[in-house]
Amino acid sequence: MGRLVFLFASSLLLMVAATTVSAAILEHSFYVQNLTVTRLCNRQVITAVNDSLPGPSLRVREGDKLIIHVFNMSPYKITIHWHGVSQLMSAWSDGPEMITQCAIRPGNNYTYKYRITKQEGTLFWHAHSSFLRATVHGAIIIHPRARHSYPFPRPYREVPILLGEWWNANVVDVENQALALGIGPKISNAYTINGWPGDLYPCSQNQMYKHRVEQGKTYLLRIINAAVNSHLFYKIANHNMTVVAVDARYTNPYVTDVVVISPGQTVDVLLTADQPVGSYYMTANNYASGSGTAVGVPFNPTTTRGFIIYQGAPSSTTPLMPVVPAFNDTPTAHKFFTELTSLVGGPHWVPVPLNVDHKMFVTVGMGLDVCPPNVSCQDRPPVGAALSGNMNNLSFVLPTSLSLLQAFFFNVGGVYTTDFPANPPVQFNYTNPSINADLPLLFAPKRTSITKVKFNSTVEMVIQNTALIGAENHPMHLHGFDFHVLAQGFGNFNPATDTLKYNLFNPQMRNTISVPVAGWAVIRFVANNPGAWFMHCHFDGHNSVGLSTAFIVENGPTPDTTLPPPPPDLPEC
């Protein structure tokens, strides 16, 4: 018996040792400061991290702990959000301004500390203050632990592809002007691939991303949509791609010639260089799901392009151009978004929780707000009204004196209320454009209203897009959790028929869901992470006017499920 106990203890120690050895502590410093760059014929000062656009990539293994010192040497207050990182028991490092922390003021610093837990693939980091994430962003590349492998053949090379937007303007001024006029933000001047606009834009012939490939080799492209306000189609001429992961969750292999990716989403694809030696353009262009405008604001119709060039191809080779999708190609977008499925039994696969504790039906869309006395709103019907976000007839307002997480941890009253409605206060024909004639529906009260749930409870949310102001596709991002996407569809959600469409076997997992234009999506997650967690539209032009809400997850029953105290260097408000 003693020998058995000894053998068991030795095995346990070996398991613990193996786990410890395979995890590392990685420390980085981010210096946020002004950087002068030349784009589209203009020299321009932007805010960037470590003098680069995009910013530095973080390369880690699952289980690693990250310590990142952020020094704000810019003229703006800022926070950094580690988009998609679950932040299990590390809510103080999530980063959204006034949700988990106050902003880092110019001249100050803050250290983020978190562990990558049960996630592999691609995520990214970005500023979570103002429109600064247009230039303050970078990749998070999560490899399997040492001696673990991908659930697909090992690629020859890995290539981050960050899709972005460029303004010939100060992006902070772009947001401030939109808020002052009560309208949507000015559209961007260009899209970019790894910071470069490509040769279809002025003065950009030599500002194009290119990547050299070897014929017969397979590459893992880690595609990130870091754009501020745009869904994007991504293509490579004459090449198919095989999707193997989304939002750092493995999928069943899905072959496609186009990737559709919303702001905040990531897609990992395998690209095999199986075409004749030559040069092939890669492109990204807007998927604008409305009828050419989004809530009254024109979209950017341009295309960015880079290219892949095969080893051995003459430098004078003219690249082949793919046929880019039309801006309103909703069938292609919907097909891509709905046909992805999870890799059952793969690394870190999570089965769908079947028992639901907290059901929600939440309408999302735009609305109107009365212009404040000191703001000169641009004329629109009704005259003098400003654009506003609307979720279940409420428009979210960020706290000003204390973050939500601080108010929750220290039990401070008066910062938020826990009365966010689980269902729309008024039921209506959500996707019928005629609802815009009903003015009371357009005006949503401004409140810091959130949902409080018990630790380890299962939450199911039907997210219903509306036609208020204008129907469009909304990318909704949930901090602190990955969720199962049970179903998606068009029109008004019908519980009698649409619940029959739920995929409870292998639904894709995401942290950002692209809710179909004039349609709905159903998500489900387990609230096993105590803290305050933001849920918002990842169009910054919508998030900044209140298209958001938040969850507070109560502490669990044990010390390791109880939110730890804030770090001593947490920024003051």
Side-chain angles (χ1 to χ4, degrees), residues 8-28 56-68 82-90 93 113-125 138-161 217-224 241-254 265-272 340-352 480-484 505-511 526 528-529 560:
F8 174 77
S10 300
S11 299
L12 187 61
L13 283 172
L14 285 171
M15 289 171 62
V16 172
T19 301
T20 304
V21 167
S22 66
I25 298 176
L26 306 175
E27 197 162 359
H28 299 272
S57 293
L58 300 177
R59 300 177 184 273
V60 304
R61 292 187 181 275
E62 191 275 324
D64 286 352
K65 182 176 181 178
L66 281 161
I67 300 174
I68 303 176
W82 318 94
H83 185 109
V85 174
S86 62
Q87 298 290 355
L88 190 62
M89 301 308 300
S90 57
S93 286
K113 299 178 181 180
Y114 57 90
R115 189 176 297 277
I116 303 294
T117 305
K118 296 182 179 180
Q119 293 178 290
E120 291 177 19
T122 306
L123 298 172
F124 73 119
W125 57 266
I140 302 176
I141 296 170
I142 309 170
H143 294 107
R145 289 185 184 234
R147 296 185 293 278
H148 290 234
S149 61
Y150 295 124
F152 48 80
R154 186 176 182 85
Y156 177 64
R157 292 280 189 273
E158 300 186 9
V159 185
I161 301 290
K217 302 291 188 182
T218 297
Y219 298 80
L220 177 60
L221 306 187
R222 298 178 176 273
I223 308 169
I224 298 166
M241 296 169 279
T242 302
V243 178
V244 292
V246 295
D247 292 4
R249 291 289 181 178
Y250 290 118
T251 66
N252 286 307
Y254 179 78
Q265 292 184 333
T266 69
V267 180
D268 291 356
V269 302
L270 295 175
L271 171 74
T272 299
L340 299 172
T341 54
S342 284
L343 183 62
V344 174
H348 315 302
W349 171 70
V350 178
V352 180
F481 304 94
D482 290 336
F483 48 75
H484 292 93
F505 172 64
N506 64 351
Q508 61 183 287
M509 293 192 73
R510 289 276 197 180
N511 61 62
V526 177
N528 58 359
N529 196 5
D560 62 346

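- Salt bridge absent: Asp64 and Arg115 never bring a charged side-chain N and a carboxylate O closer than 4.0 Å.
- A centroid separation of 6.0 Å or more is found between the aromatic rings of Tyr250 and Trp349.
- Remark: side-chain polar atoms of Asn511 are not paired, donor with acceptor, to backbone N or O of His83 under 3.5 angstrom.
- Here the options are Leu271, Leu220, Thr272, Leu221, the test is side-chain contact (heavy atoms from CB on, under 4.5 Å), and the partner is Pro155; only Leu220 passes.
- The structure places OG1 of Thr117 at 5.5 Å from CG of Leu88, a figure rounded to the nearest 0.5 Å.
- Looking at Ser149 and Pro144, their side chains never come closer than 4.5 Å, going by heavy atoms from C-beta outward.
- Separation of atoms CD1 (Ile140) and CZ (Phe124) is listed at 9.0 Å; rounding is to 0.5 Å.
- Counting heavy atoms from C-beta outward, Thr266 and Ile223 have side chains that stay 4.5 Å or more apart.
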Check the pair Asp268 / Thr122 against side-chain hydrogen bond (donor to acceptor under 3.5 Å, both in side chains), numbers first and verdict last.
CA-CA 7 Å; Asp268 291 356; Thr122 306; 2.7 Å; yes
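- Distance OG/Ser57 to CD1/Ile224: 7.0 Å, rounded to 0.5 Å.
- In this structure, CG on Asn528 lies 8.5 Å from OG on Ser86, to the nearest 0.5 angstrom.
- When side chains are defined from C-beta on, Arg249 counts as touching His348, because their heavy atoms get closer than 4.5 Å.
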Assess whether side chain to side chain contact (heavy atoms under 4.5 Å, CB included) is satisfied between Thr242 and Tyr254, documenting all intermediate values.
CA-CA 5 Å; Thr242 302; Tyr254 179 78; 5.9 Å; no
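- In terms of heavy-atom proximity, Gln87 sits nearest to Ser93 at NE2-O, 3.3 Å.
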Give the C-alpha distance, both sets of side-chain angles, the deciding distance and a yes or no for side chain to side chain contact (heavy atoms under 4.5 Å, CB included) between Asp560 and Met89.
CA-CA 8 Å; Asp560 62 346; Met89 301 308 300; over 6 Å; no
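- In this structure, Leu58 and Trp125 have side chains that are in contact, with non-hydrogen atoms separated by less than 4.5 Å.
- In this structure the side chain of Phe152 reaches within 4.5 angstrom of the side chain of Val244, judged on heavy atoms.
- Contact annotation: the side chain of Pro160 approaches that of Arg59 to within less than 4.5 Å [non-hydrogen atoms, C-beta and beyond].
- Checked by atom type, the side-chain pair Glu120/His143 shows no donor-acceptor distance below 3.5 Å.
- Closest heavy-atom contact between Arg145 and Ala23: NH1-CB, 4.3 Å.
- Between Tyr156 and Tyr219, the ring planes are perpendicular. Angles over 60° get that label, and only those under 30° would be called parallel.
- Note that the CG atom of Leu26 and the CD1 atom of Ile68 stand 9.0 Å from one another [nearest 0.5 Å].
- Take Arg510 and apply the salt bridge (Lys or Arg N to Asp or Glu O under 4.0 Å) test, not counting sequence neighbours, and it matches Asp247.
- Separating the CG atom in Leu123 from the CD1 atom in Ile141 is a distance of 10.5 Å, to the nearest 0.5 Å.
- Using a 4.0 Å cut-off between charged side-chain N and carboxylate O, Glu158 and Arg222 make a salt bridge.
- By the 4.5 Å heavy-atom criterion applied to side chains, Ile67 and Ile25 are counted as neighbours.
- Side chains of Leu343 and Thr251 form no contact here, defined as non-hydrogen atoms less than 4.5 Å apart.
- Partner of Asn252 under the side-chain contact (heavy atoms from CB on, under 4.5 Å) criterion, chosen from Thr341, Val243, Val344, Leu340: Thr341.
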